[in-house]
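Here's the structure, in structure tokens; my notes come after.
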Amino acid sequence: MADDELRKEQETEEEEKWPTFDWKEGIFSSQQNGEDETDATKVIKQDAPQPEPEPEQPRREPKKKKKHMSVQATVLSALVYLLGVLLISYGIATVGWTLANDVLALNKEELTATITIVSGESVDEIAEDLQEAGLIEYPLLFKLFAAFTGKAEDGKIVSGTYELTTDMDYSALLTSIGPQSPVRSVVTVTIPEGYTMEEIFALLEENGVCSAEDLMEAAETEDFDYDFLDNVSTTGASRLEGYLFPDTYEFYMQASATSVINKLLSNFETRFDEEMQARMEELDMTMEEVMIVASIIEKETDGQDQKDIASVIYNRLSEDNTETNGYLQMDSTIQYLLDERKETLTAEDLAIDSPYNTYLYPGLPVGCICCPGLDAIEAALNPNDTDYYYFYLGNDGSTYFFSDYTSFMQFREEQIAETEADSEEEDTTSAEEDDAA
């Protein structure tokens, strides 16, 4: 009996060890006084069936930690960005300042250079010339500036020789090589009276005004708008012979051929004034006839006898002339046909078939044989009234005039004989001196 009671008491104690489930609260509760409720829960959890574990989710950083890392990255990025901006700005500022120095002519060493721009030279070539002279550093920048400002358009840059300095910025450089340049080099040239057109062109080339080739091309092809050229018999470049007025001029160096020729023609138009025009009409002559006579006078003498020479020409041209029958027979017209002037003309020279040959063809030659000066033109318009048909340059340098052929030939033979005698005397003297030596 006692054993049965003891066994029941033990069973009762075992049952009290197990927790009971409270259906109202939905939880297990321990019925054992003084026992740790957690131990019972652990037992239940160990023995109770466990649900399937859910898939492990990617671990996320705590929001507070993530915020802390983002601030650091943002600050670092901002510093890198700021540094990049500063470096780029510094580079741009440095390059910009360097380019600005060239455009604005800042901080340049003092330098003066002479630049020659020839006709037809491009802006590219000009920019290279300026760089080679040390006036600019960046040709491409100069070309861009010229294009942007419009200062490289047609007519804005003219050929010439200019003295430029490093004090000039791009704008001043472009202005200085334009038609209104204040620094364009000027040369003074005196064209002697009696020079032919070719001789004038060669002289201008020697003085750096323009090339003779360009001048001749312009003379042949350009249309010069002057009334006195409208009725000239010759064509091409020859139409200008006689009208390139001899005088002292100031020319721009490396000027355009057209502008140079226009300057000479314009001067002639001014010098052949209204009084001359009236006298020309009084003589019933054309301007071309007056100028041809003047050109012959200019070439036949450089003395004070031009009006007497003019009288000889007009006497020979007169209708009642029986001495020369209308032939001028002027050596100067033959000399014009030769490549080089001769002291004595040959029979072959006198036989050259040309409308300029006044030995073969009567009357005036077809055109002027030189560009006469003002005195010769005045003589052609105001000849002396004489009966002279011949003249001869004596051994003493004076010109002698004759009314008939016989007197002329007698004087001529005397002068030739005198020249030959002087020559023989010189030869004898020279031989004696050689023997004495």
Side-chain angles (χ1 to χ4, degrees), residues 95-191 200-219 221-222 244 247-264 266-267:
V95 172
W97 180 249
T98 302
L99 297 179
N101 281 343
D102 202 41
V103 174
L104 302 176
L106 304 175
N107 302 319
K108 289 188 176 182
E109 294 184 6
E110 291 187 6
L111 173 68
T112 300
T114 300
I115 299 295
T116 297
I117 297 175
V118 299
S119 180
E121 193 169 5
S122 68
V123 179
D124 289 0
E125 294 170 323
I126 293 171
E128 292 175 1
D129 292 342
L130 294 173
Q131 182 191 37
E132 292 176 2
L135 295 169
I136 66 172
E137 295 184 27
Y138 307 106
L140 178 58
L141 184 62
F142 180 83
K143 289 183 287 184
L144 291 173
F145 182 90
F148 180 77
T149 58
K151 292 188 175 184
E153 297 174 356
D154 291 343
K156 296 294 183 66
I157 296 177
V158 296
S159 59
T161 298
Y162 306 89
E163 286 195 3
L164 308 175
T165 71
T166 48
D167 291 333
M168 297 177 177
D169 58 20
Y170 280 9
S171 180
L173 287 172
L174 287 165
T175 300
S176 296
I177 58 178
Q180 304 300 323
S181 172
V183 295
R184 195 174 183 186
S185 297
V186 175
V187 61
T188 301
V189 180
T190 297
I191 299 175
I200 291 173
F201 289 170
L203 178 65
L204 293 172
E205 182 178 63
E206 289 173 9
N207 284 272
V209 176
C210 187
S211 74
E213 182 180 356
D214 289 346
L215 288 164
M216 188 60 71
E217 182 180 356
T221 61
E222 290 293 328
L244 305 175
D247 206 343
T248 298
Y249 296 88
E250 283 191 347
F251 294 104
Y252 287 121
M253 296 186 69
Q254 295 302 317
S256 70
T258 302
S259 67
V260 171
I261 293 175
N262 268 316
K263 192 166 190 173
L264 300 176
S266 178
N267 193 19

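Source: prediction; values computed, not measured. One is the number of the first residue; the rest follow in order along the sequence.
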Original post:
Heavy atoms, side chains only, cut-off 4.5 Å: are V209 and V189 in contact?
Top reply: yes
Original post:
Is there a side-chain contact between V187 and Y252 (heavy atoms, below 4.5 Å)?
Top reply: no
Subject >> Pair M168-V183, side-chain contact (heavy atoms from CB on, under 4.5 Å): steps then yes or no >> reply: CA-CA 11 Å; M168 297 177 177; V183 295; 4.1 Å; yes
Original post:
Which distance, rounded to the nearest 0.5 Å, do you find between the OH of Y162 and the OG of S185?
Top reply: 9.0 Å
Subject >> Listed partners of D247 passing salt bridge (charged side-chain N to carboxylate O under 4.0 Å, His left out), at least two apart >> reply: R271
**OP:** Verify, without hydrogens or angle tests, whether T112 (side chain) and T165 (backbone) share a donor-acceptor contact under 3.5 angstrom.
**Re:** no
Original post:
CD of E213: more than 12 outside heavy atoms within 6.0 angstrom?
Top reply: no
Original post:
Looking at Y138 and D102, what are the two nearest heavy atoms and their distance?
Top reply: N-OD2, 3.2 Å
Original post:
side-chain contact (heavy atoms from CB on, under 4.5 Å) between T188 and T248: does it pass, once the steps are laid out?
Top reply: CA-CA 7 Å; T188 301; T248 298; 3.6 Å; yes
Original post:
Between A127 and I136, what is the shortest heavy-atom contact and its length?
Top reply: O-CD1, 3.6 Å
Original post:
Hey, what do you get for CD1 (I177) to CG (L164), rounding to the nearest 0.5 Å?
Top reply: 7.5 Å
**OP:** Identify whether the distance between the nearest side-chain nitrogen and carboxylate oxygen of D167 and K108 falls below 4.0 Å.
**Re:** no
Original post:
Minimum heavy-atom separation for S122 to E125, with atom names?
Top reply: N-OE1, 2.9 Å
Subject >> Within-4.5 Å side-chain heavy-atom neighbours: V186 and M253 >> reply: no
Original post:
If you round to the nearest 0.5 Å, how far is CZ of R184 from CD1 of I115?
Top reply: 14.5 Å
Original post:
Rounded to the nearest 0.5 Å, what separation is found between the CG atom of L215 and the CD1 atom of I261?
Top reply: 5.0 Å
Original post:
Under the side-chain contact (heavy atoms from CB on, under 4.5 Å) criterion, do L174 and F145 qualify, and how do the steps go?
Top reply: CA-CA 10 Å; L174 287 165; F145 182 90; 3.8 Å; yes
**OP:** State, to 0.1 Å, how close V158 and P179 come at their nearest heavy-atom pair, and which atoms those are.
**Re:** CG2-N, 3.8 Å
Original post:
Distance from E121 atom CD to T116 atom OG1, nearest 0.5 Å?
Top reply: 9.0 Å
**OP:** Please confirm whether K263 makes a cation-pi placement over F251, using NZ or CZ under 6.0 Å from the six-membered ring centre and within 45° of the ring normal.
**Re:** yes
**OP:** Compare every heavy atom of K156 with every heavy atom of G150, then report the nearest pair and how far apart it is.
**Re:** O-NZ, 3.4 Å
**OP:** Check whether any side-chain heavy atom of K143 sits under 4.5 Å from a side-chain heavy atom of D124, and report yes or no.
**Re:** yes
Subject >> I191 and L264, any side-chain heavy atoms less than 4.5 Å apart >> reply: yes
Original post:
Would S159 and S256 count as having a side-chain donor-acceptor pair, cut-off 3.5 Å?
Top reply: no
Original post:
How long is the span from the CG atom in L135 to the CG atom in D169, to the nearest 0.5 Å?
Top reply: 12.0 Å
**OP:** Taking all heavy atoms of P182 and all of S176, pick out the closest pair and write down the distance.
**Re:** CD-CA, 4.4 Å
Without placing hydrogens or testing angles, list every side-chain donor-acceptor pair under 3.5 Å for residues 201-208, not counting sequence neighbours.
| residue | atom | partner | partner atom | Å |
| --- | --- | --- | --- | --- |
| E205 | OE2 | A212 | N | 3.2 |
| N207 | ND2 | L203 | O | 2.8 |

**OP:** Flag the pair Y170 / L141 as yes when at least one side-chain heavy-atom distance between them is below 4.5 Å, and no otherwise.
**Re:** yes
**OP:** Go through V118 and Q254 one step at a time and tell me if the side-chain contact (heavy atoms from CB on, under 4.5 Å) criterion holds.
**Re:** CA-CA 6 Å; V118 299; Q254 295 302 317; 4.1 Å; yes
